[in-house]
Amino acid sequence: MGITPVLRVNPDDFAQEEIAPAGRILREGGLVVFPTETVYGLGANALDETAARAIYTAKGRPSDNPLIVHLPDLSRLDMLCRDIPKQALSLFSAFSPGPLTVILKKQPQVPDVVSGGLDTVAVRIPSHPVAAALLREAAVPVAAPSANRSGRPSPTRLAHVLEDLDGRVDLMIDGGECGVGLESTVVSLAGDIPVLLRPGGISLEMLRSVLGEVRVDDAVSHRLAEGQRPMAPGMKYRHYAPAAPLTLAQGTPADVTAWLVAHSKEPGAGILCFDEQRGLFPDAAHVESLGPQADDAAHAHALFDALRSFDAAGVRAIYGALPGEQGISLAVRNRLLKAAGHHVVHL
Ligand code: TXA
Ligand code: MG
């Protein structure tokens, strides 16, 4: 049994009044965990400095890492942002509500604690019905990072949140499993050219179909040099890290499979594979599949749960394949590279 009260809500069938107490807690300065279509979020009133500061304490998060502000729709965008370019409206109308976060220049009333001292703010309109209902009930913009302890994989089920944050927040809403399974795509429109800062469910190809040219920040695919700063402060941390070291292999599918089989015989080996390969590692201490090899969306959905399972199984080392760069695979690749500390073997 947990310490924090849990409100169970069926995302397919609930009444707005079920969410009212959670909305009230947010309005009054409390912390509420809620489901979104990407991962669970840890919310607080974004315009209440003390409430927003409490998020950092609950997560153990460095205070220079800014928060995403969640809105139910575009109606109050100009309360948070200024000099909003037309491209922002095109992007929101193409992909919101949904797994998209846009960085824009901020209005002075957005507290520094939310923007991490930057002159920009991140805005997202989630599509999850429970998140949308909560944002309407709260009637305040809601700052919400992923609801994990800093450095742990983002939570895609309430059980993950309980592992990390039980007793550290006022209320948790259990709305079942998150659909996408990886955090939102973050794109900056605060400069001259749009820049992808974090890949997610809205792919680079989709962004380019609306915006034309989009640059990809170095931190998406490369280890940053000592002292180099990513545009999204959060991208510098070794996130999503399982306890055991993770090594990724790049090569032909046959070579990668042979490499996984060889490593699976080491004592305490954890293998991250696809459904088609599952039977190939009888000696491994623990095997996790990301789903059918060709189903990229399934890989995104399964990834964080798989990383947490390796921790629970207590493996000594984890081996997996480096994903490609098309569509949502770029996001899976980015999270795995970070989890692996960019440790890639080229076969
Ligand atoms: O899917 C999501 O985006 C989830 C759900 C809960 O909405 N939230 C989430 O928040 O992933 P968080 O705090 O775990 O990640 C936010 C990322 C960080 O990498 C942060 O540095 C970046 O967005 N970010 C936030 N505000 C920014 C800003 N003004 N400029 C650049 N990067 C920013
Ligand atoms: Mg996070």
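Just so you know, these numbers come straight off a predicted model, no measurement behind them. In each ligand, atom 1 is the first atom listed, and ligand 1 is the first ligand listed.
Taking a cut-off of under 4.0 Å to the non-hydrogen atoms of Ala144, the atoms of ligand 1 that pass are 6 (C), 8 (N), 10 (O). Ligand-side atoms of ligand 1 in range of Met231: 31 (C), 32 (N), range being under 4.0 angstrom from any heavy atom. Short contacts between ligand 1 and Pro66, defined as distances under 4.0 Å to a heavy atom of the residue, involve ligand atoms 20 (C), 21 (O), 24 (N), 25 (C), 26 (N), 27 (C), 28 (C), 33 (C). Atoms of ligand 1 found under 4.0 Å from any heavy atom of Thr120 (numbered from 1 in listed order, with element): 28 (C), 29 (N), 30 (N). Listed by number with element, the atoms of ligand 1 under 4.0 Å from a non-hydrogen atom of Ser146 are 8 (N), 9 (C), 10 (O), 12 (P), 14 (O). Counting the atoms of ligand 1 from 1 in the order shown, those under 4.0 Å from a heavy atom of Leu118 are 28 (C), 29 (N), 30 (N).
The closest approach between any non-hydrogen atom of His70 and ligand 1 is below 4.0 Å.
In this structure a side-chain-to-backbone donor-acceptor pair under 3.5 Å is missing from Ser329 to Glu325. With Ser146 contributing its side chain and Asn148 its backbone, the two residues share no donor-acceptor pair below 3.5 Å.
Using a 4.5 Å cut-off on side-chain heavy atoms (C-beta onward), Val9 and Ile19 make contact.
A donor and an acceptor atom, one from each side chain of Arg124 and Thr38, are located under 3.5 Å apart. If you check the side chains of His301 and Glu177, you find a donor sitting under 3.5 Å from an acceptor. Residues Thr156 and Asp305 have side chains that never bring a donor and an acceptor to within less than 3.5 angstrom of each other. With hydrogens and angles left out, the side-chain atoms of Thr101 and Arg198 include no donor and acceptor closer than 3.5 Å.
Note on ring orientation: taking the six-membered ring where Trp is involved, the planes of His299 and Phe274 are tilted (angle from 30° to 60°).
Within the coordination shell of the Mg ion (ligand 2), defined by N, O or S atoms under 2.8 Å, Ser146 is present.
At a heavy-atom distance under 4.0 Å, only side-chain atoms of Thr38, from C-beta outward, approach ligand 1. Contact annotation: for Asn65 versus ligand 1, heavy atoms closer than 4.0 Å belong to the side chain alone. If you look at Pro145 next to ligand 1, the close heavy atoms, those under 4.0 Å, come from the backbone and the side chain alike.
Around atom 13 (O) of ligand 1, the closest heavy atom drawn from Arg198, Glu183, Lys105, Arg61 belongs to Arg61. The closest heavy-atom contact to atom 6 (C) of ligand 1, among the options Pro35, Gly41, Ser184, Pro233, comes from Gly41.
A salt bridge does not link Arg27 to Glu137: none of the charged side-chain nitrogens sits closer than 4.0 Å to a carboxylate oxygen.
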